Amino acid sequence: VQLQAYGGGLVQAGGSLRLSCAASGRTVGMSCMGWFRLPPGKEREFVGTISYSGASTNYADSVKGRFSISRDNAKNTVYLEMNSLKPEDTAVYYCAARPGYCSVYPRDYAYWGQGTQVTVSS
């Protein structure tokens with residue numbers, strides 16, 4: 001499975017961005033898609049996950065109510081809609097995939113995209 005995340009950039013605080021993650025290869029069975037981020041000087045942290053059907057989502061408290069994850073299985077693409085962005089959202093954002101249930105732990109994901117930089121200026 002190959003994942004490619006894109007859509008990052010520089011945005012002012014309060015602004016919005018939409019990240020995309022396109023999957024290719026043996027995507028059958030990759031039921032859970034997750035987003036994680038690596039803030040400068042910190043460890044990789046959980047952002048949110050979405051089940052295959054899209055019926056189940058889970059978000060970190062820090063982004064709940066501001067970020068939204070969706071997916072288009074016909075296009076093998078997952079989206080991360082980010083609104084009301086804050087400087088503390090600055091990070092490299094990664095998408096990840098795994099079969100089975102969704103997990104909040106990066107160690108549970110075998111497939112990762114290359115990351116896309118999001119910078120929020122104050």
Side-chain angles (χ1 to χ4, degrees):
V1 176
Q2 292 80 44
L3 304 175
Q4 184 173 2
Y6 55 95
L10 174 64
V11 62
Q12 288 188 332
S16 299
L17 275 177
R18 187 175 83 156
L19 305 184
S20 301
C21 175
S24 60
R26 297 178 62 87
T27 59
V28 174
M30 293 297 114
S31 55
C32 178
M33 297 295 294
W35 286 96
F36 295 82
R37 65 187 183 186
L38 183 63
K42 298 183 179 180
E43 295 185 350
R44 192 171 301 194
E45 61 185 36
F46 166 72
V47 174
T49 56
I50 186 167
S51 62
Y52 181 81
S53 68
S56 178
T57 55
N58 185 30
Y59 299 96
D61 288 343
S62 59
V63 306
K64 202 170 292 183
R66 299 188 297 121
F67 290 13
S68 177
I69 299 176
S70 60
R71 65 191 294 170
D72 184 339
N73 292 329
K75 297 181 178 179
N76 287 330
T77 302
V78 178
Y79 306 98
L80 177 64
E81 187 77 36
M82 305 184 294
N83 299 310
S84 302
L85 283 162
K86 304 175 182 180
E88 51 263 44
D89 293 319
T90 294
V92 178
Y93 283 72
Y94 298 87
C95 59
R98 73 182 307 275
Y101 65 90
C102 283
S103 170
V104 303
Y105 301 107
R107 64 174 182 261
D108 291 334
Y109 291 79
Y111 305 99
W112 290 85
Q114 83 287 4
T116 183
Q117 176 71 47
V118 172
T119 302
V120 184
S121 63
S122 56

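Since the model is a prediction, treat every value here as computed from it, not as a measurement. Excluded from the calculations below are hydrogen atoms, water molecules and symmetry mates; all remaining heavy atoms, backbone and side chain alike, are included.
- Scored by the salt bridge (charged side-chain N to carboxylate O under 4.0 Å, His left out) test, E81 finds no partners at all (sequence neighbours excluded).
- Hydrophobic clustering (side-chain heavy atoms under 4.5 Å, transitive across Ile, Leu, Val, Met, Phe, Trp, Tyr) keeps Y111 apart from Y79.
- In this structure, CE in M33 is found 9.5 Å from CG in N73, a value given to the nearest 0.5 Å.
- F67 and Y6 end up in different hydrophobic clusters when Ile, Leu, Val, Met, Phe, Trp and Tyr side chains are linked at under 4.5 Å.
- Looking at residues two or more places apart in sequence or on another chain, you find a salt bridge (charged side-chain N to carboxylate O under 4.0 Å, His left out) between R66 and D89.
- Counting side-chain heavy-atom gaps under 4.5 Å among Ile, Leu, Val, Met, Phe, Trp and Tyr, the cluster of W112 also holds F36, L38, F46, V92, Y94, V104, Y105, Y109.
- Pairing each heavy atom of P99 with each of S31, the nearest pair is C-OG, 3.7 Å.
- Applying the side chain to side chain donor-acceptor pair (under 3.5 Å) rule to T77 yields no partners; only residues at least two apart in sequence or on another chain are considered.
- Note on residues 8-20: pairs passing side-chain hydrogen bond (donor to acceptor under 3.5 Å, both in side chains), not counting sequence neighbours, are S16-N83.
- Here the shortest heavy-atom pairing between Q114 and A5 reads NE2-O, 2.8 Å.
- Taking the salt bridge (charged side-chain N to carboxylate O under 4.0 Å, His left out) definition, one finds that K64 meets it with D61, sequence neighbours left out.
- Applying the under-4.5 Å side-chain rule to Ile, Leu, Val, Met, Phe, Trp and Tyr, the cluster around Y52 consists of that residue alone.
- Between L3 and A23, the shortest heavy-atom contact is CD2-CB, 3.5 Å.
- When all heavy atoms are compared, the tightest approach of I69 to T57 is O-CG2, 4.1 Å.
- Atom CG in N76 sits 11.5 Å away from atom CD in Q2 (nearest 0.5 Å).
- Among residue pairs with one or both ends in residues 68-77, none qualify as salt bridge (charged side-chain N to carboxylate O under 4.0 Å, His left out); sequence neighbours excluded.
- With rounding to the nearest 0.5 angstrom, the CD atom of Q117 is 7.0 Å from the OG1 atom of T90.
- Contacts of S122 classified as side-chain contact (heavy atoms from CB on, under 4.5 Å), with partners at least two apart in sequence or in another chain: P87.
- Of the residues listed (E43, E88, E45), the one engaging R37 in a salt bridge (Lys or Arg N to Asp or Glu O under 4.0 Å) is E45, and it is the only one.
- V118 pairs by the side-chain contact (heavy atoms from CB on, under 4.5 Å) definition with L17, L19, M82, Y93, V120, not counting sequence neighbours.
- Pairs passing the disulfide bond (SG atoms under 2.5 Å apart) check and including a residue from residues 65-122, sequence neighbours excluded, read C21-C95, C32-C102.
- Checked against side chain to side chain donor-acceptor pair (under 3.5 Å), Q4 has no partners two or more places apart in sequence or in another chain.
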